[in-house]
Amino acid sequence: MFEISNRLKKIPPYLFVEIDRKKKELITKGEDVIDFGVGDPDLPTPENIIIAMKKGVENPKFHKYPFGKGTKEFRKAISDFYKKNYDVDIDPESEICVLIGSKEGIAHFPLCFINQGDISLVPEPGYPVYNIGTLIAGGKSYFLPLKEENDFLPDLGKIPEEIIKKTKIIYLNYPNNPTGSFANKDFLKDVINFCKKNNIILAYDAAYSEIYFEEKPINIFSIDGAKDVTIEFNSLSKTYNMTGWRVGWACGNSFLVNALAKIKENIDSGTFEAIQYAGIEALKGSQESVEKMRSIYKKRRDIFASGLKELGFNFKLPKGTFYFWVKVNKSSVEFVDFLLENGKIVSTPGVGFGPSGEGYVRFSLTIDEEKIKKAIDRMKKIWQK
Ligand SMILES: Cc1ncc(COP(=O)(O)O)c(C=O)c1O
């Protein structure tokens, strides 16, 4: 019989399969399930982007292989987005590579720099692709716990010297999935110094950069010297409700960006140019929908927070993203099971994002206010009986 590769064998099973099975079973039974599980926006892609896409699809020029690092026009729009939003300079010619969603770039990036046995520093709880991409490339992950008492920032001082010596990449993600936390300027400065001192690449995942509430997150390239060591990943997925469109980018240090472009040249043939055309409209057109999205998620966050408070839960109010990270002080899997069985509410066990996520549960606020209120009512019925 065929045997799967050692590489594929190393990839851990998808932890949320069992919850998904139970959820589907309840839906089949006709139960009214409230789903805080998947981090996929419920809001539609803004109309102006859809109109641009329709126009793009009709243009035969866009029907060919896209190839290369993306269209000149889309890369220019990305560069303008950084200048306008963060006053940061990114050269559209040499410092941007368009991706098929940021996940694609994050997963392929270790193939450029990781040799057998090399190490990536991977925050946990965190997005699983940093570890998986490293494993596929033949490397190993050294996990950096994100603890609440440290504002969900990793403690770089605790990484052993022998690990640092073998490290090629450190991954960071702020605004953070799943904790909703931000990185402060001092921490980011420390990270850049750490990377420079130890010749380590910073792979900065900014997928949620535009989902913030009280304050705007810091862009990594506004830190002195960041571009010497950093590649940033971002996409249109969360900012413009375009998760299904599959379009993102990597930007920053040109050596790093071009290495990724070389791997991609040999694996995929780029992002459909009609999508890149619509992407220009997303970044350059009216940003009213982005403002509106922020206020919708903020309202949902506040409704959920006040409900959780009444129920006596412990949490740090998320500063950004549409996630809510709640301390449950017991097995996160048991808590999630209990909530599904008794309240028909789907949530995600924190331990699925890494061992430091144990004792926490993630709620994705990608459902409307009425459903959030309904979920809180059900939780009150369960716990205030
Ligand atoms: C932290 C983080 N990074 C990256 C991504 C990938 O997003 P996309 O591939 O749609 O750009 C996600 C998606 O959920 C995410 O949560």
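In each ligand, atom 1 is the first atom listed, and ligand 1 is the first ligand listed.
- Taking the six-membered ring where tryptophan is involved, the planes of Phe313 and Phe335 are perpendicular, since the angle between them exceeds 60° and thus also 30°.
- Residue pairs satisfying the ring pair (Phe, Tyr, Trp, His ring centres under 6.0 Å) criterion with at least one member in residues 275-303, sequence neighbours excluded, are listed as follows: Phe62-Tyr277, Tyr297-Phe322.
- The nearest pair of heavy atoms linking Ala274 to Gly56 is CB-C, 3.6 Å.
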Sub-3.5 Å pairs, protein N or O with ligand 1 N or O:
| unit_1 | atom_1 | unit_2 | atom_2 | d |
| --- | --- | --- | --- | --- |
| ligand 1 | 3 (N) | Asp205 | OD1 | 3.3 |
| ligand 1 | 3 (N) | Asp205 | OD2 | 2.5 |
| ligand 1 | 7 (O) | Ser102 | OG | 3.4 |
| ligand 1 | 9 (O) | Ser102 | N | 3.2 |
| ligand 1 | 9 (O) | Lys103 | N | 2.9 |
| ligand 1 | 9 (O) | Arg246 | NH2 | 2.7 |
| ligand 1 | 10 (O) | Ser237 | OG | 2.6 |
| ligand 1 | 10 (O) | Arg246 | NH1 | 2.9 |
| ligand 1 | 11 (O) | Ser102 | N | 2.9 |
| ligand 1 | 11 (O) | Ser102 | OG | 2.7 |
| ligand 1 | 11 (O) | Ser235 | OG | 2.7 |
| ligand 1 | 11 (O) | Ser237 | OG | 3.4 |
| ligand 1 | 14 (O) | Tyr208 | OH | 3.4 |
| ligand 1 | 14 (O) | Lys238 | NZ | 2.6 |
| ligand 1 | 16 (O) | Asn177 | ND2 | 2.9 |
| ligand 1 | 16 (O) | Tyr208 | OH | 2.7 |

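- Here CG of Leu256 is found 11.0 Å from SG of Cys251. Values are rounded to the nearest 0.5 Å.
- Scanning both residues, Pro178 and Phe353, for their nearest heavy atoms gives CG-CG, 4.1 Å.
- A donor-acceptor contact under 3.5 angstrom links the side chains of Tyr130 and Asp205, judged on distance only.
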